[in-house]
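These notes are about the structure you will find just below.
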Protein chains: 2
Amino acid sequence: MGIADRKERDKEELRERILVAAKSLFLEKGVEKTSIRNIADRIEYSPGIIYHYFKDKNEIFHALHQGGFLQLMEKMQVLASVRNPMERLKAMGSIYISFAMENPDMYDLMFIKEAPLDHVFNSEHDHWKEGGGTFNYLRMTIDNCMEVGHFKGHEPEALSYMIWATVHGLVSLNIRKRCEVVLPHRQENIVADGLEEFYKILDRL
Amino acid sequence: MGIADRKERDKEELRERILVAAKSLFLEKGVEKTSIRNIADRIEYSPGIIYHYFKDKNEIFHALHQGGFLQLMEKMQVLASVRNPMERLKAMGSIYISFAMENPDMYDLMFIKEAPLDHVFNSEHDHWKEGGGTFNYLRMTIDNCMEVGHFKGHEPEALSYMIWATVHGLVSLNIRKRCEVVLPHRQENIVADGLEEFYKILDRL
DNA sequence: AAATGTAATTGAACAGTGTTTAAATTTCAA
DNA sequence: TTGAAATTTAAACACTGTTCAATTACATTT
């Protein structure tokens, strides 16, 4: 059955080539401004071929979207070695933010863009599996913090959401260029500075 | 000069009609999916006419964008009557969030969408005038809070950004449907609940 | 009232888009 | 070598933002 196998691999390889081309184009010029023809040009095939590998443009987006979460989860691995739960929580915030700042377009795809997410969520009623994993890890870390006496009087689910919202807010305002309202000489480091203010607060809870 | 005046008014009226049509279409189906032809259809003119009133589609977006900030600033007026700066800060957060939840598409246009913002910022080098106003008011409120002894050890500019990021994060994750990761029965009120957790924290600072 | 000049408006055209589909080509087992 | 199956293509469809020459409408002047 070696031949069937090779054909399988060839098919898989072309699918991969489409994804690589789509990713670089999406990150280069944005999802909306990347056309199917652009992608086809880059892999030197005709536009039609793409529809044999993906239902539509959204499905390409979705595939890349999933890849982004794998990347983020991988970065999060180091957290296992941080014993103190409060330190772990802060390290998690730093990893989240550095991922976002190092891969702003991918972050955009994962957490800000709206375009094809009906597809992501509604399909398979699996409640946005990729995002759920990281959120649950945050939630567990908050639980651990509470077990050792932090966050007294707080409600863990809503608190987790609030903390996520804070780090997301810090990076997403920056990515979408709403930082121009802060003093010009503070703009360059405003995300890190804002995170530091947040840590000052966490240290008191 | 009555005739020239009337023509002036007519011109202004058609401009307004374009904006009204564009706004309802943008909020109905999104900016990207609204075409110039859609707008022209709704006002019963030919597509070309729109380019006599606006340079391009971005300029229409920009005009609506400005309108949104007027709306928000108007809602903020009541804050003048809140004497206690810490209460004023919290009231500001509540107004911000209720504005966002009541006008999610307008909020999207103002703070989340990226599309035509190069235009908004780069033109006139005026540092995003509309957004700057509300941020400065937040910044002033933080200063007032510090004057009466709150936020000791904090840096006001970065703290203001962090607080804005938190409320923005709360609403923008919700608007872009990233809330499906929280427990299903908590989803409906997660923005309000998250805000409450934030207030619990502010009360201790 | 008729002619003129100007501003408003149109509709066709251009170059692009996502997607579908019939046809052509290639591949490969029998 | 043949014939069927899989792969790939090119053309078409209906859309997009934008431009622009031509037309229409109309206030002003003669």
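Throughout, protein chains are lettered first and strands after them, A, B, ... in sequence-line order, and every chain is numbered starting at 1.
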Got a list of protein N/O to nucleotides 13-17 of chain C N/O distances below 3.5 Å?
| unit_1 | atom_1 | unit_2 | atom_2 | d |
| --- | --- | --- | --- | --- |
| C:dT17 | OP1 | A:S35 | OG | 2.8 |

Whole Å only: how far is the [atom1] atom of [X] from the [atom2] atom of [N]?
X: B:E59; N: D:dG17; atom1: CD; atom2: C1'; value: 15 Å
X: A:L14; N: D:dT7; atom1: CG; atom2: P; value: 10 Å
X: B:H52; N: D:dA21; atom1: NE2; atom2: P; value: 12 Å
X: B:R17; N: C:dT9; atom1: CZ; atom2: C1'; value: 13 Å
X: A:I50; N: D:dA10; atom1: CD1; atom2: P; value: 14 Å
X: A:Y51; N: D:dA10; atom1: OH; atom2: P; value: 16 Å
X: A:F61; N: C:dG18; atom1: CZ; atom2: P; value: 15 Å

For [X], which residues count as a side-chain hydrogen bond (donor to acceptor under 3.5 Å, both in side chains) partner, sequence neighbours excluded?
X: B:R17; value: none
X: B:K23; value: none
X: B:N103; value: none
X: B:R42; value: B:S24, B:E28

Handout entry: Which residues share a salt bridge (charged side-chain N to carboxylate O under 4.0 Å, His left out) with A:D143, sequence neighbours left out
Key =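 By the salt bridge (charged side-chain N to carboxylate O under 4.0 Å, His left out) rule, A:D143 matches A:R139.
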Exercise for the section: Please work out whether the ring planes of B:F111 and B:F69 are parallel, tilted or perpendicular, with thresholds of 30° and 60°. Expected result: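 The arrangement is perpendicular - the two ring planes meet at more than 60°.
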Problem - B:L170 side, atom CG; B:T166 side, atom OG1 - distance, nearest 0.5 Å - result: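 One gets 7.0 Å once the value is rounded to the nearest 0.5 Å.
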Donor-acceptor contacts under 3.5 Å from residues 188-197 of chain A side chains, at least two apart:
| unit_1 | atom_1 | unit_2 | atom_2 | d |
| --- | --- | --- | --- | --- |
| A:D193 | OD2 | A:R186 | NH2 | 3.2 |
| A:E197 | OE1 | B:H154 | ND1 | 2.5 |
| A:E197 | OE1 | B:E155 | N | 3.3 |
| A:E197 | OE2 | A:K200 | NZ | 2.9 |

Exercise for the section: Strictly below 4.0 Å, heavy-atom distances to any atom of DNA chain C: list the hits from residues 39-49 of chain A, or just say none. Expected result: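 Contacts with DNA chain C under 4.0 Å: none.
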Exercise for the section: Please identify each residue that fulfils side chain to side chain contact (heavy atoms under 4.5 Å, CB included) with A:P85, with sequence neighbours left out. Expected result: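 If we apply the side chain to side chain contact (heavy atoms under 4.5 Å, CB included) test to A:P85, skipping adjacent residues, the hits are A:R88, A:N144, A:C145, A:V148.
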Problem - Angle of first-five versus last-five pair axes in the helix from C:dA1-D:dT30 to C:dA30-D:dT1, to 10 degrees - result: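 Between the axes fitted at each end of the helix from C:dA1-D:dT30 to C:dA30-D:dT1 lies an angle of 30°.
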Practice task
Ignoring backbone atoms, establish whether B:Y53 has a side-chain N or O less than 4.0 Å from OP1 or OP2 of C:dA7.
Solution key: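 Looking at the OP1 and OP2 atoms of C:dA7, neither is under 4.0 Å from any side-chain N or O of B:Y53.
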Practice task
Could you note down all residue pairs passing ring pair (Phe, Tyr, Trp, His ring centres under 6.0 Å) where residues 168-196 of chain A supplies at least one of them, sequence neighbours left out?
Solution key: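 Passing the test, one end in residues 168-196 of chain A: A:Y107-A:H168.
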Handout entry: Residue pairs, two or more places apart or on separate chains, that pass salt bridge (Lys or Arg N to Asp or Glu O under 4.0 Å) and touch residues 74-86 of chain B
Key =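 Those involving residues 74-86 of chain B are B:K75-B:E102.
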